[in-house]
Each structure stands twice: as C-alpha cells, then as structure tokens.
> 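Encoded as structure tokens, here's the structure I'll be asking about.
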2 protein chains.
Amino acid sequence: MITPEPHILEPMVRRLAYRVSLDAADREALLALPFTVRTVERGGYIVREGDIATRTSVMLSGFSVRSKTVGSGARQIVSIHMRGDMVDLQNSLLDTADHTVEMLTRGRIAEIARNEIWRIAADRPMVARAMWRETLVDGSIFREWLANIGRRDARTRLAHLFCEFALRLKVAGLADAGQYELPMTQEQLADATGLTSVHINRTIRGLEADRFIERDDPRRIHIMDWDRLAEVGDFQSEYLHLRDGDTVIV
Amino acid sequence: MITPEPHILEPMVRRLAYRVSLDAADREALLALPFTVRTVERGGYIVREGDIATRTSVMLSGFSVRSKTVGSGARQIVSIHMRGDMVDLQNSLLDTADHTVEMLTRGRIAEIARNEIWRIAADRPMVARAMWRETLVDGSIFREWLANIGRRDARTRLAHLFCEFALRLKVAGLADAGQYELPMTQEQLADATGLTSVHINRTIRGLEADRFIERDDPRRIHIMDWDRLAEVGDFQSEYLHLRDGDTVIV
DNA sequence: CGTAGGCTTGAAAAGCGTCAATAGGAGTGG
DNA sequence: CCACTCCTATTGACGCTTTTCAAGCCTACG
C-alpha cells in the first residue's frame with residue numbers, strides 16, 4: 001500500500017482552512033499555485049528591511065522571526081512564525097518592507113509570487129477571505145503583544161509568551177502535550193519581550209524555581225500545570241482566535 | 001453661487017484614495033454605502049471587548065483609542081484613530097472584539113454594516129485593495145509601536161509619538177504647521193507608551209526644558225524644530241507609508 | 001582540544017514606578 | 001456669583017524592577 005506523497009503546500013492549505021471552509025476547488029487552486037522551495041539556514045534572511053515585496057513566503061518547516069531595529073541598535077522581535085504561516089502577506093500591498101524576517105532555525109519556505117496571490121484572491125472569494133482573516137489574526141496578536149510588553153512585568157510577560165507558543169505549536173501540529181523545544185535563545189526571547197537576556201535568564205529560573213515550568217535542557221520547556229502557567233502569564237487565548245478545542249493544553 | 005454640501009463619507013473616500021487610485025465609479029459606490037451617523041461623547045464606546053462585530057465605524061470627527069486591559073487592571077492603548085480611519089475593518093472577519101474602542105473627545109462616526117463592506121469589496125477590486133492596504137498600514141504601525149515600547153527609553157518613546165501625531169494630523173488635514181492640540185491627557189499618553197502618567201509628565205517637561213517642544217497650555221504642542229524632534233524620537237516615517245510630500249513637517 | 005556561542009550568576013547603577021501632596025480649571029448646584 | 005467637586009497637571013521622596021558590566025561555565029563543533 002502506498003501513502004500518497006503529501007503536497008508541499010499542504011501546511012498552507014491546512015492553515016487557511018482552519019476557520020474558513022474551503023471547498024475542493026479552492027484547495028485545488030491553492031495547491032496549483034506556482035511556487036519555488038528554498039531551504040534557509042539558521043540566521044538566514046527571508047525578507048530584509050528595505051526589500052521590495054514581490055513574493056509571499058509560506059513557512060514549511062523551521063521557525064522565523066520578524067524584527068525591527070531601532071536607532072540605538074537594539075532589536076525588537078515583533079512576531080514569530082512557524083509551519084503554515086504566510087510570512088509576507090502583510091507586506092504584499094506596501095512598497096518596501098519596514099522590517100526583517102530571519103530564520104531562527106534551518107527550515108524550508110515556499111515562495112509564491114505576489115501577483116499569483118492576487119489572482120487567486122480575485123478568483124476565489126473564500127480563499128481571499130481566509131487570507132484576509134489570517135492578516136487580521138496577525139493584527140490581533142500584535143495588539144496582545146503590545147499589551148504584554150507595555151503593561152506586564154517580566155514574569156508575566158515571559159509566561160504569556162510560553163503559553164502562546166504552546167498553543168500555536170499545538171495547532172501547527174508541532175507539539176502535543178505540555179512540553180516543547182523552544183527554538184529561541186534567551187537573547188532572542190529578550191528581543192521578543194522587550195527585556196534583556198540577563199533578566200530573561202533570571203525570570204526563567206524564577207518560573208522554574210516556583211514550579212511553573214521544568215527544564216531538563218535550557219531549551220526544553222515542560223509546562224507543569226497549564227492552568228497555573230496561564231494564570232501567572234495572564235493568558236487568555238481569545239486573541240489567537242482558535243477553535244474551541246485548541247485553547248488549552250492537556 | 002452654492003458650494004455643494006460635501007458628502008458625509010468624504011473623509012473615508014479621501015483616505016482610501018490616498019495611495020490607491022479609485023475611479024469615479026469606485027468613489028460613487030463608496031458614497032452610496034448605506035450608513036448611520038452617531039455622535040459619541042468623550043469617554044463613550046464605539047466597540048467594547050466581547051462585542052460581536054457587525055459593523056465598521058468610520059471616524060468623521062474627534063479622536064478615539066483602541067485599548068486592551070490586562071489582568072492587573074492596567075490599560076494599554078494600542079492605536080489612536082482620527083478622521084478618515086475605518087475603526088473596525090480589523091475585526092470584521094473575527095468573531096468577537098478582543099479590545100475596546102473609546103472616544104478621546106466628542107466626535108461623530110458613520111456606521112456601515114459589515115455585509116455592505118463585503119459586498120463593495122467583492123464588486124470593486126480597487127476598493128478592496130484600498131481597504132486591504134489600510135489594514136496593512138495599521139499592522140505596520142502596530143509593529144513600530146512594539147519597537148517603540150519594547151526598545152526605546154521614555155524620552156525617545158514620547159518624542160516618537162509626538163512625531164507620529166504631527167504627521168497623521170497633517171495628512172488628515174487637522175493640523176498644519178508644527179503645532180497641534182493633543183487630544184490626550186498625560187494618563188492616556190502613559191497608557192499609549194507603556195509608562196506612568198508621572199513619568200510622562202517628567203518626560204514632557206524634559207523635552208520642553210531641552211527645547212524640543214514648547215507648550216503654552218499643557219495640551220498644545222509646538223514643535224520647535226522638526227529635524228531635532230525626529231532625531232531625538234528616532235523617528236523615520238516609512239512605517240506610516242505616506243506619500244513623499246507628507247513625510248515632514250515644515 | 002580549542003574556540004565560540006549560549007547560559008548562569010553577582011554586584012552595582014539607573015530608569016521608571018509608587019505614594020503622596022498641591023494647585024489650577026471646568027463644570028455644577030445652590 | 002460663590003462654594004464645591006472632579007479631573008488633570010505637577011512635583012518631591014523613596015523604592016523596586018530591570019539594566020549594565022563583568023566573569024565563569026558548559027557544550028557543540030571544527
């Protein structure tokens with residue numbers, strides 16, 4: 001018996017169909033999009049500040065971050081991307097990229113020309129709707145991050161990020177139970193939370209000391225008790241706009 | 001001679017046509033959208049967290065802010081809206097609002113049913129494109145705010161906000177030279193920048209002492225020298241995606 | 001087996017928050 | 001028109017969270 005090879009763009013279709021119902025023709029049209037696959041090393045760039053946007057990149061594997069650099073040289077990570085995310089849908093209508101997208105780990109991306117995206121959006125209303133929805137969820141996450149960085153202390157901020165990670169990984173099918181491998185260094189966690197790596201270290205160790213999480217290896221997070229972690233992280237999953245079953249970790 | 005009464009939705013059309021070219025038919029279709037006008041008092045709500053989104057509100061006059069409240073009770077303002085902004089385009093595809101929109105000043109809004117927005121977007125590709133672009137610019141501003149709050153110190157953060165305000169007011173035709181009336185209290189500025197009102201006060205006074213700005217009345221900001229303020233605020237206007245002529249204050 | 005990147009920890013400093021008190025102005029009711 | 005209240009702005013004193021600077025350690029990898 002032969003299992004048919006899954007289509008490379010399958011993660012994108014799965015994502016778009018997550019909360020908008022796409023019919024067979026929609027799915028077929030999506031899978032028929034012309035694309036090129038590229039493997040990018042850890043630290044490699046998908047988009048650089050100032051680039052002219054000509055294509056959208058779909059994450060197939062690995063993790064990437066979108067970041068901005070301020071005048072002092074400090075960096076702020078504004079979003080984290082994983083399998084299924086369409087990384088540059090955001091910028092497809094704007095002239096030049098105002099940020100950088102960089103791989104956190106080695107991974108593969110599928111690049112789709114911008115005009116192909118526009119064409120399918122014009123032809124297939126439900127696909128347009130699904131993509132539109134993705135960007136709105138993105139915006140919702142940006143707003144939550146603003147609240148997180150602007151108004152929560154270090155412990156809450158970090159616990160919140162760990163919760164978000166857990167759910168998004170679960171939805172992307174990349175982690176199951178309450179444990180996962182963090183794809184970020186403590187310095188990157190610092191850039192994502194608006195803290196310093198030293199303070200991230202102390203805060204992680206504090207969460208560990210108080211048994212919210214456990215780590216065998218510095219990057220492997222075990223969530224001891226989802227409810228407790230969500231509480232200390234002031235985490236409510238609504239902003240991720242997930243399906244009901246996906247809003248908690250068992 | 002009679003000057004024809006300008007149409008109430010004119011500010012919205014002007015905004016949408018700002019960087020996407022809309023033809024006469026597009027404009028007509030936009031102006032033909034059914035709407036209801038509502039005057040909202042200072043402190044009144046346009047959207048409340050948990051509301052089910054059924055309509056989009058176009059700001060006709062006055063100012064509003066979008067905010068989220070965290071567990072500790074602290075509030076984070078995530079965006080500021082003025083004439084021409086379509087406040088709820090963001091949430092039109094998502095189930096329930098994950099934030100609140102509140103008037104900073106008395107003002108008028110035009111409410112348009114969500115399905116009307118969808119209809120015109122489906123019928124008129126360039127209108128869809130213009131609205132899509134608006135939400136992308138919104139996202140770009142969220143990202144800049146994340147960098148601002150996460151990685152800049154209080155003085156830079158506040159100066160940056162003052163610069164953004166100056167340009168947006170100018171583009172909306174609400175302020176001309178380098179001076180404007182701030183529609184926000186210092187406490188609201190604090191909620192927008194992730195600081196406290198006490199520290200905002202000290203920071204404003206510092207900017208004043210060093211002659212970046214002048215104030216006769218606590219709310220009236222005079223920008224002494226745009227280049228200096230932009231420098232201290234680490235402000236580069238690209239993220240607002242304005243037309244070339246609109247990127248500086250005379 | 002040496003080097004580099006990431007993690008960890010200590011000590012001290014700085015920026016920003018908290019608490020508290022005062023003052024001015026706008027609106028309100030008598 | 002005055003007394004009263006509420007809201008906003010302002011300032012001082014103090015304290016705490018987070019940063020900065022610095023050093024040591026571990027592990028992966030060439």
Side-chain angles (χ1 to χ4, degrees), chain A residues 41-43 63 65 70 72-77 102-106 148-159 161 181-210 213-221 232, chain B residues 41-44 63 65 70 72-77 102-106 148-159 161 181-209 213-221 232:
Chain A
E41 296 304 317
R42 175 168 197 265
F63 294 86
V65 289
V70 301
S72 66
R75 187 171 84 136
Q76 178 65 43
I77 290 176
E102 181 189 340
M103 293 299 290
L104 284 178
T105 61
R106 189 167 198 273
N148 201 33
I149 293 177
R151 286 297 185 220
R152 294 191 180 113
D153 65 16
R155 164 172 283 205
T156 312
R157 228 183 269 188
L158 188 59
L161 184 63
E181 180 97 17
L182 258 186
M184 308 172 78
T185 65
Q186 294 183 358
E187 191 169 350
Q188 290 160 344
L189 287 172
D191 287 343
T193 51
L195 298 165
T196 57
S197 62
V198 171
H199 202 59
I200 283 288
N201 183 281
R202 294 186 170 125
T203 308
I204 290 189
R205 312 235 59 194
L207 287 172
E208 203 176 11
D210 294 343
I213 58 169
E214 221 175 49
R215 300 179 307 160
D216 3 322
D217 141 31
R219 300 280 186 89
R220 183 138 207 103
I221 304 290
V232 75
Chain B
E41 296 303 318
R42 175 169 197 266
F63 295 85
V65 289
V70 299
S72 66
R75 187 171 82 137
Q76 177 66 43
I77 290 176
E102 180 188 341
M103 292 300 290
L104 283 178
T105 62
R106 191 168 196 273
N148 202 34
I149 294 176
R151 285 297 185 220
R152 294 190 181 113
D153 65 15
R155 164 172 282 205
T156 312
R157 230 183 270 189
L158 188 59
L161 185 62
E181 180 97 18
L182 258 185
M184 308 172 78
T185 65
Q186 295 183 358
E187 190 169 351
Q188 289 161 344
L189 288 172
D191 287 343
T193 50
L195 297 165
T196 59
S197 62
V198 171
H199 202 62
I200 283 288
N201 184 281
R202 294 187 169 124
T203 307
I204 290 188
R205 311 236 58 192
L207 287 172
E208 204 176 10
I213 58 168
E214 222 175 49
R215 299 179 309 160
D216 5 324
D217 144 25
R219 300 281 186 91
R220 183 137 207 103
I221 305 290
V232 75

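Residue numbers start from 1 in every chain, and the chains themselves are labelled A, B, ... in the order their sequence lines are given, proteins ahead of strands.
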> I need the CG-P distance between A:Asp191 and C:dG6, as an integer number of Å.
12 Å

> Can you tell me how far the CZ atom of A:Arg205 sits from the CZ atom of A:Arg202, to the nearest 0.5 Å?
11.5 Å

> Counting the atoms with a prime plus P, OP1 and OP2 as sugar-phosphate, which does A:Gly43 contact under 4.0 Å by heavy atoms, base, sugar-phosphate, or nothing?
nothing

> List the atom of A:Leu195, the atom of A:Ala154, and the distance in Å for their closest heavy-atom pair.
CD1-CB, 3.8 Å

> Using atom CZ of B:Arg157 as one end and atom P of C:dG15 as the other, report the distance to the nearest whole Å.
13 Å

> Show the nearest heavy-atom pair for residues A:Ser197 and A:Ala190, with the distance to one decimal.
N-CB, 3.4 Å

> Grab the CZ-C1' distance between B:Arg151 and D:dT19 for me, whole Å please.
11 Å

> Just the atom pairs and distances: protein N or O near nucleotides 25-30 of chain D's N or O, under 3.5 Å.
none

> Using whole Å, report how far CG of B:Leu189 lies from P of D:dT8.
12 Å

> Could you list the protein-to-nucleotides 9-12 of chain D atom pairs, N/O on both sides, closer than 3.5 Å?
residue, atom, partner, partner atom, Å
D:dA9, OP1, B:Arg219, NE, 2.8
D:dA9, OP2, B:Gln186, N, 2.7
D:dT10, OP1, B:Arg215, NH2, 3.1
D:dT10, OP2, B:Gln186, NE2, 2.7
D:dT10, OP2, B:Asn201, ND2, 2.9
D:dT10, OP2, B:Arg215, NH1, 3.4
D:dT10, O5', B:Asn201, ND2, 3.2
D:dT10, O3', B:Arg205, NH1, 3.2
D:dT11, OP1, B:Arg205, NH1, 2.8
D:dT11, OP2, B:Arg205, NH1, 2.8
D:dG12, N7, B:Arg202, NH2, 2.4
D:dG12, O6, B:Arg202, NH2, 3.2

> Which residue pairs pass the salt bridge (charged side-chain N to carboxylate O under 4.0 Å, His left out) test when at least one of the two sits in residues 186-198 of chain A, sequence neighbours left out?
A:Arg75-A:Asp191, A:Asp191-B:Arg151

> Output the rounded distance in Å from CG (A:Leu158) to C1' (D:dT18).
14 Å

> Using every non-hydrogen atom in the two residues, find where B:Met184 and B:Leu189 come nearest and quote the distance to one decimal.
SD-CD2, 3.7 Å

> Take atom CG of A:Leu104 and atom P of C:dG5, then tell me their distance rounded to the nearest Å.
17 Å

> Which heavy atom of A:Ile149 sits nearest to which heavy atom of B:Gly150, and what is that distance?
CG2-CA, 3.7 Å

> Across the strands shown, which category fits B:Arg155 at heavy-atom distances under 4.0 angstrom: base, sugar-phosphate, nothing?
nothing

> Separation of A:His199 atom NE2 from D:dC16 atom C1', in whole Å?
11 Å

> Which heavy atom of B:Thr193 sits nearest to which heavy atom of B:Gln76, and what is that distance?
N-NE2, 4.4 Å

> Taking only the side-chain nitrogens and oxygens of B:Arg152, find out if one of them lies under 4.0 Å from OP1 or OP2 of C:dG15.
no

> Find the distance B:Ile200:CD1 to C:dT18:P and express it as a whole number of Å.
14 Å

> Quick one: is D:dT19 close enough that its OP1 or OP2 comes under 4.0 Å of any side-chain N or O from A:Thr196?
yes

> Which heavy atom of B:Thr156 sits nearest a heavy atom of B:Val232, and at what distance?
CG2-O, 3.4 Å

> How long is the gap from CG on A:Asn201 to CD on A:Gln186, to the nearest 0.5 Å?
4.5 Å

